[in-house]
Amino acid sequence: MNSRKPMQLRLPQELKEWIKAESDRNGNSQNSEVIRAIRAAKDRRSTFGSVGIITMDQSDNARC
């Protein structure tokens, strides 16, 4: 059984262009690139979270 559910996502144009460029560069679908980017952010948050309180701004920059 497939546990994945469709999700509509609205992105700013520059992020759409970045996802498209990354998917072309890596030979992946745009969906795969979105998943990869979210997992990478999640992993970073998990790693930094064990050190202290880290907040991420809209540019995905960490601040203590």
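All values reported here derive from a predicted model rather than from experimental measurement.
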Report task. First locate atom CH2 of Trp18, then atom CD of Gln30, and finally report the distance between them rounded to the nearest 0.5 Å. Result ->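 Reported value, rounded in 0.5 Å steps: 11.5 Å.
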**Report entry** Asp43 side, atom CG; Ile38 side, atom CD1 - distance, nearest 0.5 Å
**Finding:**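 Atom-to-atom, Asp43:CG and Ile38:CD1 are 12.0 Å apart.
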Under the side-chain hydrogen bond (donor to acceptor under 3.5 Å, both in side chains) rule, collect the residues that match up with [X], sequence neighbours excluded.
| X | answer |
| --- | --- |
| Arg4 | none |
| Gln13 | Glu17 |
| Lys20 | Asp24 |

Query raised in the report: Restricting to pairs with a member in residues 33-42, which pass side chain to side chain donor-acceptor pair (under 3.5 Å), not counting sequence neighbours?
Result: Asn26-Glu33, Asn28-Glu33, Glu33-Arg36
Requested in this report: Could you pull out all residues at least two apart from Pro12 that satisfy side-chain contact (heavy atoms from CB on, under 4.5 Å)?
Outcome: Glu14, Leu15
Report task. Could you tell me which residues satisfy salt bridge (charged side-chain N to carboxylate O under 4.0 Å, His left out) with Arg10, sequence neighbours excluded, listed by chain and number? Result -> none
Query raised in the report: If Ile, Leu, Val, Met, Phe, Trp and Tyr residues are connected whenever their side-chain heavy atoms lie under 4.5 Å apart, and connections chain through other members, are Val34 and Met7 in the same group?
Result: yes
